[in-house]
J.: 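One structure, pasted below without further comment.
In what follows, residues are counted from 1 in the order of the sequence shown.
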Amino acid sequence: MTMRASNPRATYLALGLVMLAASSASMAVDLELVRLNACRDIADVLAGLKRPPSNCGTPTGFIERTIRDFSAGSGAQHCVLERPPLTSLSDFKCIQSSYREALTTTCFRPSTFALLDDYKTNFVTKYSSRTSAYLEEAKKCPGSNGDASRIIETTFPPTLMPVAEHEFGFNVQFGSTKPGTATVSHGFAKTSPEVARRGPEAIEYVVFHTGAPADMVARTSFGNWRLGVDTSSDFAGEFLKTLKRQGLDAYLASVDINMLRAPRARMLPKTPSLPDELLDVVASSLEDEGFDEMDDDDLKRHTGQTRAEMSAGILKGVSFGARKLLNGGTPKIRLLMKTSGIPCTRGGRGAIGAYLFAYDGAPDVQVDFGSVTTMMLGFGACASSANAGREYVRNLANESKQAILDNLKDR
């Protein structure tokens with residue numbers, strides 16, 4: 001006997017609910033916490049990092065190509081591995097990288113928003129105890145220094161920053177010291193819009209890192225502050241490459257100071273903006289040196305860009321995963337120039353530029369006061385090693401650093 005539905009709409013609705021339930025069940029896959037406690041696998045990969053890669057292939061995926069292209073000119077070397085270093089990572093794509101003393105193997109595979117949301121939404125009832133047990137097991141691996149922590153924006157693996165931003169994950173350190181000499185990370189990240197349009201909306205990753213620490217700049221206590229002071233020119237590499245593409249030879253000395261208020265220090269108002277005030281201090285000292293500040297018209301005439309266009313260009317050059325560190329804002333820019341008064345500027349042969357950048361801290365984090373960056377550049381003859389222009393540029397960078405520290409000292 002054939003039964004006929006008395007209400008077709010009800011039948012279709014029932015079928016739809018069944019399909020929805022089946023779809024939800026298929027998405028509700030538990031997140032795997034099995035990478036950081038795979039002690040033998042970790043030992044094998046860290047040991048293998050000491051050997052040059054032997055199975056490099058051509059980047060075929062958009063993620064691998066983006067990572068390669070973003071690091072072009074930085075000195076980092078990437079090898080897209082034709083085979084993952086472990087059978088347990090057989091469905092991951094892996095890149096082995098080297099930069100100075102640092103060696104890294106980065107492996108990733110597609111994930112989904114549903115999986116990430118399940119972890120965050122159901123953490124207390126479903127994942128909290130599993131996560132604690134996972135980290136305790138990881139800390140007991142041979143060679144671990146017993147230090148395990150959650151990944152935050154500043155410890156998100158740099159190799160992945162051009163293509164993804166941090167969601168959640170964990171680091172375990174290895175070595176006989178604290179901090180360790182090696183780190184293994186396991187986490188999940190949201191991909192950039194460019195990646196999501198072509199591939200996965202999220203990724204799971206495992207990163208094996210040895211050599212120089214991933215966070216290159218250690219914080220130091222300074223009065224009521226914990227400061228990250230970076231005098232390397234690494235972060236300005238893209239800036240220098242842009243200048244060279246415009247036909248400008250330049251020599252750069254820079255300082256970046258990131259400011260966190262010490263937890264037990266007296267509270268300090270976040271308005272007016274401390275980074276803005278510090279830029280005023282540096283700009284004033286430069287004007288005493290004979291620098292002139294460019295207004296918007298001067299800036300457009302000399303650089304071909306407005307201040308807003310320069311800010312947008314700088315933000316575009318920041319890797320997707322690092323943009324969270326800017327708290328959704330764009331840098332405030334001041335530009336000063338010195339075109340006379342020192343030997344390398346005679347006859348218009350050279351000039352000195354001072355690029356000053358201010359980033360406000362996160363508005364909802366009372367201890368975060370943002371950062372100030374000063375970049376002193378010698379152009380033309382002032383970029384040459386044949387005269388004292390470079391020494392003058394280095395001295396200006398040191399003086400700007402000291403002016404900022406002197407101002408912070410009594411706050």
J.: So, taking the atom named CG in L278 and the one named CG in L356, what distance separates them when rounded to the nearest 0.5 Å?
T.: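 With rounding to 0.5 Å, CG (L278) is 11.0 Å from CG (L356).
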
J.: Does any non-hydrogen side-chain atom of T177 lie less than 4.5 Å from one of N145?
T.: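 Sidechains of T177 and N145: no contact.
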
J.: Closer than 3.5 angstrom, by distance alone: can the side chain of R346 be matched with the main-chain N or O of I342 as a donor-acceptor pair?
T.: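 Pair absent, no side-chain N/O of R346 close to backbone of I342.
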
J.: If you define the side chain from C-beta out and look only at heavy atoms, does anything of L260 sit under 4.5 Å from L227?
T.: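 No; the side chains remain at least 4.5 Å from each other.
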
J.: Do T183 and N171 have side-chain N/O donor and acceptor atoms under 3.5 Å apart?
T.: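 Per modelled atom types, T183 and N171 side chains form no pair under 3.5 Å.
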
J.: For F188 and F113, I'd like to know if the aromatic rings sit close, meaning centre-to-centre distance below 6.0 Å.
T.: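 No, ring centres 6.0 Å or more apart.
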
J.: Measuring from atom CG of L103 to atom NZ of K50, what distance do you get when rounded to the nearest 0.5 angstrom?
T.: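 NZ of K50 is found 10.0 Å from CG of L103.
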
J.: Which atom names give the shortest non-hydrogen contact between K270 and D368, and what distance separates them?
T.: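 Closest approach of K270 to D368: NZ-O, 2.7 Å.
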
J.: Are the charged groups of E201 and K190 less than 4.0 angstrom apart, N to O?
T.: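 Result for this pair is no, no salt bridge flagged.
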
J.: Taking NZ in K140 as the centre, count heavy atoms belonging to other residues, nucleotides or ligands within less than 6.0 Å. Is the count above 12?
T.: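 No, because the 6.0 Å sphere around NZ of K140 holds 12 heavy atoms or fewer from other groups.
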
J.: Going by atom types only, do E64 and H78 share a side-chain donor-acceptor pair under 3.5 Å?
T.: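 There is no such pair between these side chains.
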
J.: Looking only at heavy atoms, which two atoms of I42 and R35 are closest? And how far apart?
T.: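 It is CD1-O, 3.9 Å.
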
J.: If you compare all heavy atoms of G180 against all heavy atoms of Q173, which two are closest, and at what distance to 0.1 Å?
T.: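 Looks like N-OE1, 2.7 Å.
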
J.: Once you round to the nearest 0.5 Å, how far does NE2 of H186 lie from SG of C107?
T.: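 If we round to the nearest 0.5 Å, H186:NE2 and C107:SG are 11.0 Å apart.
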
J.: Answer yes or no: is there an ion pair linking R109 with E32, defined by an N-O contact shorter than 4.0 Å?
T.: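 Salt bridge between R109 and E32, a charged N being under 4.0 Å from a carboxylate O: yes.
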
J.: Is there a donor-acceptor pair under 3.5 Å between the side chain of S384 and the backbone N or O of A381?
T.: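 Side chain of S384 to backbone of A381, a donor-acceptor pair under 3.5 Å: no, none is there.
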
J.: Apply side-chain contact (heavy atoms from CB on, under 4.5 Å) to residues V255 and V229 and explain how you reach the verdict.
T.: CA-CA 7 Å; V255 59; V229 181; 4.1 Å; yes

J.: Between the side chains of H209 and T104, is a donor N or O closer than 3.5 angstrom to an acceptor N or O?
T.: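 There is such a pair (donor and acceptor under 3.5 Å, judged by atom type) between the side chains of H209 and T104.
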
J.: Roughly how far apart are D292 CG and E287 CD, rounded to 0.5 Å?
T.: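 Interatomic distance, D292 CG to E287 CD, rounded to 0.5 Å: 7.5 Å.
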
J.: Return the minimal non-hydrogen interatomic distance between T345 and S340, and the atom names on each side.
T.: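 That closest heavy-atom pairing would be OG1-CA, 3.2 Å.
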
J.: Taking R390 for its side chain and A383 for its backbone only, find out whether a donor-acceptor pair lies under 3.5 Å.
T.: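 A pair under 3.5 Å: yes.
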
J.: What distance separates Y355 OH from T374 OG1, expressed to the nearest 0.5 Å?
T.: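 Interatomic distance, Y355 OH to T374 OG1, rounded to 0.5 Å: 13.5 Å.
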
J.: Go through it in stages, so that I can follow the logic: the residues are M161 and F156, the test is side-chain contact (heavy atoms from CB on, under 4.5 Å), and I'd like the CA-CA distance, side-chain angles, deciding distance and then a yes or no.
T.: CA-CA 8 Å; M161 280 188 170; F156 182 65; 3.7 Å; yes

J.: Between F123 and Y119, what is the ring plane arrangement, given parallel below 30°, perpendicular above 60°, and tilted in between?
T.: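 F123 vs Y119 ring planes: perpendicular.
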
J.: I'd like to know if the side chain of E137 pairs up with that of N37 as donor and acceptor (distance under 3.5 Å, no hydrogens or angles considered).
T.: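 Yes.
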
J.: Should E277 and R411 count as an ion pair when the cut-off is N to O under 4.0 Å?
T.: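 Looking at E277 and R411, the cut-off is met.
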
J.: Would a 4.5 Å heavy-atom cut-off, applied to side chains only, mark W225 and T220 as touching?
T.: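 Contact flag for W225/T220 side chains = no.
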
J.: Less than 4.5 Å apart, side chain to side chain, heavy atoms only: is that true for V372 and L279?
T.: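 Yes, close enough: below the 4.5 Å cut-off.
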
J.: With side chains defined as the heavy atoms from C-beta onward, is the minimum distance between S371 and P275 less than 4.5 Å?
T.: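 No, their side chains stay 4.5 Å or more apart.
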
J.: With side chains defined as the heavy atoms from C-beta onward, is the minimum distance between R150 and F168 less than 4.5 Å?
T.: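 Answer no - side chains too far apart.
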
J.: Please walk me through it: do I63 and I95 pass side-chain contact (heavy atoms from CB on, under 4.5 Å)?
T.: CA-CA 11 Å; I63 290 179; I95 300 174; 5.8 Å; no

J.: Is it the case that N398 and Q402 place a side-chain donor and acceptor less than 3.5 Å from each other?
T.: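 N398 vs Q402: no donor-acceptor pair found between side chains.
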
J.: Is R40 atom CZ crowded by more than 12 heavy atoms from other residues, nucleotides or ligands, each under 6.0 Å away?
T.: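 Counting other residues, nucleotides and ligands, CZ of R40 stays at 12 neighbours or fewer.
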
J.: Please find the pair of heavy atoms, one from P59 and one from R68, that lie closest to each other, and give the distance.
T.: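 Heavy-atom minimum between the residues: CG-NH1, 3.7 Å.
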
J.: Could you report the tightest heavy-atom contact between S254 and M375, atom names first, then the distance?
T.: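 In this case the closest contact between S254 and M375 is CB-CG, 3.9 Å.
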
J.: Nearest 0.5 angstrom please: L89 CG to D41 CG, how far?
T.: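 It is 7.0 Å, given to the nearest 0.5 Å.
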
J.: Within the distance-only criterion (no hydrogens, no angle test), does the side chain of T271 pair as donor or acceptor with the backbone N or O of S273 below 3.5 angstrom?
T.: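 Pair absent, no side-chain N/O of T271 close to backbone of S273.
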
J.: Got P52 and C79 here, is their nearest side-chain heavy-atom distance under 4.5 Å?
T.: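 A side-chain contact under 4.5 Å is absent here.
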
J.: What residue among T121, D118, T131 forms side chain to side chain donor-acceptor pair (under 3.5 Å) with K126?
T.: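 Output: one option passes, namely D118.
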
J.: Can you tell if the side chain of R394 reaches within under 4.5 Å of the side chain of Y251, non-hydrogen atoms only?
T.: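 Yes, side chains in contact.
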
J.: Report the C-alpha distance between F170 and L36 in whole Å, list the side-chain angles of each, state the deciding distance to 0.1 Å, and finish with yes or no for side-chain contact (heavy atoms from CB on, under 4.5 Å).
T.: CA-CA 8 Å; F170 318 95; L36 296 180; 3.7 Å; yes

